[in-house]
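Everything below concerns the one structure shown next.
All values reported here derive from a predicted model rather than from experimental measurement. Side chains included, hydrogens not; waters and symmetry mates left out as well; all remaining heavy atoms used. Within every chain, numbering begins at 1; the chains are lettered A, B, ... in the order of the sequence lines, protein sequences first and strands thereafter.
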There are 2 protein chains.
Amino acid sequence: MIELRHLRTLAAVDETGSLTAAAERLHLSQSALSHQLKELEERLGLPLLDRAARPPRPTQAGARLLVLARTVLPLVDEALDGLRGLARGRAGRLFVASECHSCLEWLLPRLRHYRDRFAGVELDVLSSASLDPLPRLLDGAVDVVLSPDRRDLPGLAWTPLFAYEMRLVLAASHALATRARAEPQDLARETLLVYPVTRGRLDVFTRWLWPAGVEPGRVRTVESTAMLIELAALGQGVAVLPDWAVAHALTERRIATLRLGEGLNGTLYAAVRAAETRLPHVAGFLAVAAG
Amino acid sequence: MIELRHLRTLAAVDETGSLTAAAERLHLSQSALSHQLKELEERLGLPLLDRAARPPRPTQAGARLLVLARTVLPLVDEALDGLRGLARGRAGRLFVASECHSCLEWLLPRLRHYRDRFAGVELDVLSSASLDPLPRLLDGAVDVVLSPDRRDLPGLAWTPLFAYEMRLVLAASHALATRARAEPQDLARETLLVYPVTRGRLDVFTRWLWPAGVEPGRVRTVESTAMLIELAALGQGVAVLPDWAVAHALTERRIATLRLGEGLNGTLYAAVRAAETRLPHVAGFLAVAAG
DNA sequence: CGTTTGCATGAGGATTATTCATGATCGAAC
DNA sequence: GTTCGATCATGAATAATCCTCATGCAAACG
């Protein structure tokens, strides 16, 4: 059937005013163009050009196809430009969703770095406190999911970003601060400061307290990591946070941290669609995030 | 580069939900589709489909191309439909211009006939009293030119429609009515009734009076053929008209007609663009007009 | 587990596209 | 009027491509 090649040929002939010139523009021989046109005309059963006229005049049928070419070819070229941008990391979409609440603060400085290197990429961070982000990754609503638990699903590729240790955060003056490690029972009389999410999504419950059958004395929800640390420093309660999140506050000596039992370690992973791992703006994100 | 074929493939895969089904719809083997997609992906340097997912999910690049396919393919199909219509005489444009004033009345009944047989054709008659219609035929503004004088230009095809004789029209009671033929000098004292156009476009001047160096006694312009005949019948003057135009009035015996000298014969021609003579709606017009 | 389904791959053949060489046509220049 | 140059058409040969056949592989399903 008809192909874009034919439309490009017609447009070139119309714009240059001769088959010869059009052939040159298209890097073809004049003969190739002549054959191509003839074959198309035969297939359609319609003449497209009046070759006798100079410059060659499109017939009614030719004019109709020219209109088509004029509307279609720019659309195609535009799309191809976009794809070239994608192929070179100069365009694309990167919607990042995180299952890990405190990770957002870890993410932001890296995202600034990423934005500098991939300026053309449409970047967004979705706080998916509610919805399970993995299905949304599969159906294309987001492009990267950050999660501490790696669930291998068909079509997904997982990349470890960094290992961390969850530590008990408490005021430097707290009675437990001198201990080498904390045990679940230690929290039975404490106020536990947590993010406002369901407990099933908090490692401190799922991997530490619940297995030991312990409930904290009180639970209080706090919006931000900074506030969590602040309240812990003031002795209003204790928190469980990844080591990197409290590294800065630790140097100020207002808080102390304890290992949880044998050590509650984890790894943050990034999931992307397997088919897109090679896309520059996706691979670039993984490199920046893991680096 | 990318071709419509690729867009059709992508769209088919997206709509059917599998390569195999898409191949069937496109009357290709599954293998062909697989090769085609693979080659396109390699050429673009981008994955287009996530084959692991079921149904195969378009990647960002694939989604972009799908958007393109969804906008472009309907346009192409629409155009092809139009062309098919053209090829079968069910569509097209036929703008008719006439250099011959009295021909319009000859044309109209045939045009009605034509319209019945080529219902889809956009039909129009342009009274080009002013502009020379042949250049407009060449530049595409009109599609048929009716003219009594055939000027062969490159790219034009001429078809004789019918032969006619210009005859002197006068009242049945006119003194000259019994003569066998009229001579230019006979008009020296008569009022000549003519259409309101420059004399250079009237055969009676260019082919009869001027060669003999005769001027009519008076010249009076009249808009329509019917009025021309009416005034002649009333003895208000004489006219020169093609035989067919007065055939009807002649049967009513109110007018008589004379041969002009040896006989002022002519042929009405139709000019169309040479490349379009085979188009059904053009060839159909010529057939209807000449028949 | 075997069976089915969907996709990938390699090789061979068939179809298409392109080029080369040449001829026809037309207009301009001499 | 002849010659030249430019443009396009054409046929044959070649190059490129596209497609199919015959497989292989992996996941899904009973």
Pull out every protein N or O sitting under 3.5 Å from an N or O of nucleotides 26-28 of chain C, one pair per line with the distance.
none

If the plane angle is over 60° it's perpendicular, under 30° parallel, otherwise tilted; pick one for B:Trp210 and B:Phe205.
->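 It falls in the tilted class, 30° to 60°.
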Do any pairs count as a salt bridge (charged side-chain N to carboxylate O under 4.0 Å, His left out) and have a residue in residues 275-291 of chain B, sequence neighbours left out, and if so which ones?
->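 Every salt bridge (charged side-chain N to carboxylate O under 4.0 Å, His left out) pair that includes a residue of residues 275-291 of chain B, provided the two are not neighbours, is B:Arg273-B:Glu276.
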Please, which pairs that meet salt bridge (charged side-chain N to carboxylate O under 4.0 Å, His left out) have at least one residue in residues 58-69 of chain A, sequence neighbours excluded?
->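 Residue pairs passing salt bridge (charged side-chain N to carboxylate O under 4.0 Å, His left out), neighbours aside: none found.
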For B:Arg117, does the CZ atom sit with more than 12 other heavy atoms under 6.0 Å from it, leaving out its own atoms?
->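 No, because the 6.0 Å sphere around CZ of B:Arg117 holds 12 heavy atoms or fewer from other groups.
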Pairs involving residues 2-47 of chain B, ordered by first then second residue, that meet ring-ring contact (aromatic ring centres under 6.0 Å, His included) (sequence neighbours left out) =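 For residues 2-47 of chain B, and leaving out neighbouring residues, there are no ring-ring contact (aromatic ring centres under 6.0 Å, His included) pairs at all.
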Could you state the CD-P distance from A:Glu24 to C:dT19, rounded to the nearest angstrom?
->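 Distance check: A:Glu24 CD to C:dT19 P gives 13 Å.
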State, yes or no, whether a side-chain contact exists between B:Leu68 and B:Leu10 at a heavy-atom distance under 4.5 Å.
->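 With C-beta onward as the side chain, the pair stays apart.
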So does B:Arg207 pair up with B:Asp149, basic N to acidic O under 4.0 Å?
->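 No salt bridge links B:Arg207 with B:Asp149.
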For B:Pro160, what residues pass the side-chain contact (heavy atoms from CB on, under 4.5 Å) criterion, not counting sequence neighbours?
->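 So B:Pro160 forms a side-chain contact (heavy atoms from CB on, under 4.5 Å) with B:Thr267, B:Tyr269.
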List the protein contact pattern of nucleotides 3-18 of chain D with one symbol per nucleotide (5' to 3'): B for base contact, S for sugar-phosphate-only contact, - for none; contact means a heavy-atom distance under 4.0 Å.
-> ----SBBBBB-----S
